[in-house]
Amino acid sequence: MQFAKPIQLNDTQTLRWMFILLKRARNAGDDGEVPVSAIILNEKGQCIGHGRNTRNRDCNPLGHAELIALRQAAWIKRDWRFNECTLIVTLEPCQMCSGALIQARMGKVIYGTEDKKRGGMGGSIDLTSHKSAHHKMTIERGILEDQLKYELKEWFKIHRSK
């Protein structure tokens, strides 16, 4: 089976999407969730899935932005394979989400800032380059990194003091 390649976004398009995700992440943060937001684009650049963290609201450990976006996109595509798709997310996917993206055969992942404690794409551990990873994806890091890192630090500073 031959798949289309993930869309090639230019810097302006990538930044535009990341600013949208930053706003959605702030909304999640305002609701008491860790401020993370994600979208999935198909090969035409259309958003087919989006999510933000909802673990606290839904009392669900699987309520990560990436997993919510994956579930929605799979329903829309009526397929579980995402070779031709791009996931854009504000924070490096955790180990659970990185594993899910490998299993879903995501074509490309773009993330804002790394997660040195729980990141699954190099921040803490790199599951994508592990010998057991049957699927290889393109990864782009550091989009709006300083802004996103600052926003996360400030959110945690406020919420840890409560």
Side-chain angles (χ1 to χ4, degrees), residues 1-29 31 33-115 118-123 125-144 148:
M1 180 183 291
Q2 187 71 354
F3 293 97
K5 290 184 179 179
I7 186 167
Q8 293 298 319
L9 299 172
N10 63 38
D11 291 344
T12 303
Q13 292 168 314
T14 303
L15 281 173
R16 189 182 121 248
W17 281 116
M18 197 59 81
F19 277 116
I20 291 168
L21 291 175
L22 175 58
K23 183 178 179 182
R24 291 179 180 178
R26 286 176 180 153
N27 291 339
D31 291 340
E33 302 288 347
V34 176
V36 178
S37 181
I39 59 165
I40 296 177
L41 304 176
N42 66 13
E43 71 278 6
K44 296 176 184 174
Q46 300 163 322
C47 178
I48 59 170
H50 62 89
R52 61 175 224 176
N53 281 1
T54 61
R55 287 190 317 169
N56 293 324
R57 183 192 75 191
D58 298 343
C59 298
N60 181 355
L62 303 178
H64 289 218
E66 301 93 330
L67 298 181
I68 294 166
L70 265 175
R71 186 174 190 155
Q72 185 180 74
W75 186 81
I76 288 170
K77 278 179 54 114
R78 303 194 58 73
D79 194 3
W80 59 270
R81 295 172 198 88
F82 290 87
N83 299 72
E84 74 285 0
C85 295
T86 300
L87 175 115
I88 306 175
V89 62
T90 53
L91 179 65
E92 175 186 359
C94 71
Q95 296 159 21
M96 174 178 65
C97 292
S98 295
L101 293 167
I102 292 167
Q103 292 297 322
R105 295 168 172 73
M106 186 61 63
K108 183 174 185 177
V109 173
I110 300 171
Y111 67 81
T113 189
E114 70 181 356
D115 184 346
R118 290 169 207 86
M121 295 187 167
I125 187 172
D126 190 355
L127 296 176
T128 63
S129 66
H130 191 272
K131 64 182 180 179
S132 68
H134 62 285
H135 171 73
K136 303 298 180 200
M137 63 187 84
T138 304
I139 301 172
E140 189 175 331
R141 301 166 170 87
I143 309 302
L144 280 186
L148 292 163

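Note that these values count all heavy atoms, side chains included, but never hydrogens, waters or copies made by symmetry.
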Inset, instruction - Give the C-alpha distance, both sets of side-chain angles, the deciding distance and a yes or no for side chain to side chain contact (heavy atoms under 4.5 Å, CB included) between Ile143 and Ile88. - result: CA-CA 10 Å; Ile143 309 302; Ile88 306 175; over 6 Å; no
Inset, instruction - Give a yes or no on whether Trp80 atom CH2 has more than 12 heavy-atom contacts from other residues, nucleotides or ligands under 6.0 Å away. - result: yes
Legend entry - Residue Asp11 excluded, over 12 heavy atoms near CG under 6.0 Å: no
If only atom types and distance count, is the side chain of [X] paired as donor or acceptor with the main-chain N or O of [Y] below 3.5 Å?
{"X": "Asn53", "Y": "Ala65", "answer": "yes"}
{"X": "Asn42", "Y": "Lys44", "answer": "yes"}
{"X": "His64", "Y": "Glu66", "answer": "no"}
{"X": "Thr90", "Y": "Ser37", "answer": "yes"}
{"X": "Gln95", "Y": "Leu127", "answer": "no"}
{"X": "Thr86", "Y": "Leu41", "answer": "no"}
{"X": "Gln13", "Y": "Asn10", "answer": "yes"}

Testing the basics here: between [X] and [Y], what is the closest heavy-atom pair and its distance to 0.1 Å?
{"X": "Trp17", "Y": "Gly45", "value": "CZ2-O, 4.1 Å"}
{"X": "His135", "Y": "Ile102", "value": "CB-O, 3.8 Å"}
{"X": "Ile68", "Y": "His50", "value": "CG2-O, 3.9 Å"}
{"X": "Pro93", "Y": "Tyr111", "value": "CD-CD2, 4.0 Å"}
{"X": "Met106", "Y": "Val109", "value": "CG-CG2, 4.0 Å"}
{"X": "Ala38", "Y": "Ala69", "value": "O-CB, 4.2 Å"}

Give, for atom [atom1] of [X] and atom [atom2] of [Y], the distance between the pair rounded to the nearest 0.5 Å.
{"X": "Leu87", "Y": "Ile39", "atom1": "CG", "atom2": "CD1", "value": "8.0 Å"}
{"X": "Thr128", "Y": "Met121", "atom1": "OG1", "atom2": "CE", "value": "6.0 Å"}
{"X": "Ser98", "Y": "Ile139", "atom1": "OG", "atom2": "CD1", "value": "7.5 Å"}

Is [Y] close to [X] at the side-chain level, that is, under 4.5 Å between some pair of heavy atoms?
{"X": "Pro6", "Y": "Thr138", "value": "no"}
{"X": "Leu22", "Y": "Leu148", "value": "yes"}
{"X": "Leu21", "Y": "Val89", "value": "no"}
{"X": "Asn60", "Y": "Thr54", "value": "no"}
{"X": "Lys108", "Y": "Gln8", "value": "yes"}
{"X": "Arg57", "Y": "Asp31", "value": "no"}

Inset, instruction - Apply side chain to side chain contact (heavy atoms under 4.5 Å, CB included) to the pair Phe82 and Leu70, showing each step before the final yes or no. - result: CA-CA 9 Å; Phe82 290 87; Leu70 265 175; 3.7 Å; yes
Inset, instruction - For a side-chain contact (heavy atoms from CB on, under 4.5 Å) with Arg105, tell me which candidate from His134, Met137, Glu84, Lys136 qualifies. - result: His134
Inset, instruction - Would you sort out whether Met96 and Leu62 count as a side chain to side chain contact (heavy atoms under 4.5 Å, CB included), showing the intermediate values? - result: CA-CA 9 Å; Met96 174 178 65; Leu62 303 178; 3.6 Å; yes
Inset, instruction - Take Arg141 and Glu92 through the test salt bridge (Lys or Arg N to Asp or Glu O under 4.0 Å) and record every step on the way to the result. - result: CA-CA 8 Å; Arg141 301 166 170 87; Glu92 175 186 359; over 6 Å; no
